Amino acid sequence: ATGLIVAPGIVDLHGDGFEKHFSPRAGVFFDIEVALIETDRQLLANGITTAYLALTISWEPGLRSLDNARAVVDAWRRLRPRFVTDVRLQLRWEVFALDAAEAVEGWLSLDPRPTLAFNDHFTMLLDPEMAQRQSVADYAKRAGISVADYDTLTKRTVARKDEAPDMIKRLTQAAAAVGANCLAHDEKSAKVRRANRELGISISEYPVT
């Protein structure tokens, strides 16, 4: 290593920038394997040697759908021996994506073990004070559906909201059983942090305050 600089590698615990390699803008998609290889190379170029790709598994269709997550997981399995960096997965589960919970539970046993992040980007869509109409239009475009269809989808999701707490508990227990670390996204108060810790969600990933 004469003449070279030896530096510690960076561990990225949550990175969702790789989505731009899959879909640089709404409606444009690249081959998933090509995108993952490019992600691996850019991680290395930036000094990141271990990375958890934050794979969002949402109730939405499109980029963050369960079908797309399945395709990414399958491609990751095939390509992992070719990666230069230690590319791992964070299962970034939207807590109202109830139909995806079974698949997420199964992926908790992947090797190397993924982490499991609990997200709720749905509730803010229901807050009239947040003036989200432009955002809703952007979300609908990302999902590949009209704003009207997106509104219909949110109404169907709201109708099942009471199922979410039990599903969260089920997945925290499944994660504990296999030793997968759990992370909470966008915690709004110490009270929420305490409640999540009691569930076994030990890491506050993005506290709001």
Side-chain angles (χ1 to χ4, degrees), residues 11-23 32-33 35-36 39-40 43 48 50-81 83 85-124 139 142-143 157 160-161 163-187 192-193 195-207:
V11 178
D12 185 358
L13 295 178
H14 170 105
D16 56 12
F18 76 98
E19 286 185 341
K20 289 296 184 182
H21 295 152
F22 295 156
S23 180
I32 286 178
E33 291 196 5
L36 285 174
T39 297
D40 173 55
L43 289 167
I48 297 169
T50 299
Y52 286 85
L53 304 185
L55 178 61
T56 302
I57 305 148
S58 176
W59 47 274
E60 297 175 333
L63 178 64
R64 295 183 165 184
S65 66
L66 175 58
D67 286 342
N68 190 64
R70 287 192 176 109
V72 173
V73 171
D74 289 345
W76 172 82
R77 281 169 161 160
R78 292 192 299 271
L79 293 175
R80 185 166 164 76
F83 292 145
T85 54
D86 185 6
V87 179
R88 303 186 177 207
L89 294 177
Q90 181 193 82
L91 305 175
R92 188 185 183 199
W93 177 62
E94 290 285 344
V95 298
F96 289 96
L98 301 170
D99 292 333
E102 185 175 354
V104 172
E105 186 173 357
W107 290 331
L108 288 171
S109 296
L110 289 169
D111 183 26
R113 188 79 67 234
T115 57
L116 175 59
F118 293 82
N119 290 256
D120 178 9
H121 291 152
F122 177 76
T123 301
M124 68 178 183
Y139 297 154
R142 181 182 66 195
T157 305
R160 299 183 62 191
K161 65 182 178 65
E163 300 176 44
D166 286 342
M167 196 62 75
I168 293 170
K169 185 177 295 185
R170 170 181 164 179
L171 286 184
T172 56
Q173 292 173 347
V178 297
N181 288 317
C182 293
L183 306 90
H185 201 86
D186 295 343
E187 290 179 314
V192 173
R193 171 87 297 264
N196 281 335
R197 179 170 288 278
E198 288 178 6
L199 284 172
I201 306 173
S202 58
I203 301 170
S204 184
E205 186 175 31
Y206 284 107

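All values below come from the heavy atoms of this structure, side chains included, with hydrogens, waters and symmetry mates left out. As the structure is a computational prediction, the values presented were derived from the model and not from experiment.
Taking a cutoff of 4.0 Å between a charged side-chain nitrogen and a carboxylate oxygen, K161 and D120 do not qualify as a salt bridge. A salt bridge links R142 to E60: one of the charged nitrogens lies within less than 4.0 Å of a carboxylate oxygen.
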Could you go through T115 and L13, starting from their C-alpha distance and side-chain angles, then the distance that decides it, and tell me whether this counts as side chain to side chain contact (heavy atoms under 4.5 Å, CB included)? CA-CA 9 Å; T115 57; L13 295 178; over 6 Å; no
So L43 and F18, side chain to side chain contact (heavy atoms under 4.5 Å, CB included) or not? Walk me through it. CA-CA 10 Å; L43 289 167; F18 76 98; over 6 Å; no
CA sep, side-chain torsions, deciding dist, call: N196, E187, side chain to side chain contact (heavy atoms under 4.5 Å, CB included): CA-CA 9 Å; N196 281 335; E187 290 179 314; 2.7 Å; yes
Dump the intermediate steps for side chain to side chain contact (heavy atoms under 4.5 Å, CB included) on M167 and W93, then the final yes or no. CA-CA 11 Å; M167 196 62 75; W93 177 62; 3.7 Å; yes
Run D166 and K169 through salt bridge (charged side-chain N to carboxylate O under 4.0 Å, His left out) and show every step you take. CA-CA 5 Å; D166 286 342; K169 185 177 295 185; 5.2 Å; no
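The local environment of CD in E102 is sparse, with at most 12 non-hydrogen atoms from other residues, nucleotides or ligands closer than 6.0 Å.
Nearest heavy-atom pair, R77 versus L110, reported as atom, atom and distance to 0.1 Å: NH2-CD2, 3.0 Å. Across all their heavy atoms, C182 and G200 have their closest contact at CB-O, 3.7 Å. In plain terms, the two heavy atoms of I201 and R193 that are nearest each other are O-NH2, 2.7 Å. Looking at every heavy atom in both residues, L98 comes nearest to A164 through CD2-CA, 3.9 Å. Minimum interatomic distance between A97 and S58 (heavy atoms only, all atoms of both residues): CB-C, 3.5 Å. W76 approaches F83 most closely through the heavy-atom pair CD1-CE1, 3.8 Å.
The line from CZ of R197 to CD1 of I203 is 9.0 Å long, rounded to the nearest 0.5 Å. The structure places OG1 of T56 at 8.0 Å from CD of Q90, a figure rounded to the nearest 0.5 Å. Distance check: L55 CG to R70 CZ gives 12.0 Å after rounding to the nearest 0.5 Å. Taking OH from Y52 and CG from N181, the interatomic distance works out to 7.5 Å, rounded to the nearest 0.5 Å. To the nearest 0.5 Å, atoms CD (E33) and CG (D74) are separated by 10.0 Å. From D99, atom CG reaches atom CH2 of W59 across 13.0 Å, with rounding to the nearest 0.5 Å.
Contact of the E19 side chain with the L63 side chain is registered, since non-hydrogen atoms from C-beta on lie closer than 4.5 Å. I48 places none of its side-chain heavy atoms less than 4.5 Å from the side chain of T85. The shortest side-chain heavy-atom distance between W107 and L89 does not fall under the 4.5 Å cut-off. Inter-residue side-chain proximity for L53 and T39 is flagged as met; some heavy-atom pair is nearer than 4.5 Å. Counting only heavy atoms from C-beta outward, the side chains of D186 and N119 never approach each other to under 4.5 Å.
R92 pairs in a side-chain contact (heavy atoms from CB on, under 4.5 Å) with only one of the listed residues (L116, I57, D16), which is D16.
Side chain of N68 to backbone of G62: no donor-acceptor contact under 3.5 angstrom is found.
Applying the side-chain hydrogen bond (donor to acceptor under 3.5 Å, both in side chains) criterion to D86, with sequence neighbours excluded, gives R80, R88.
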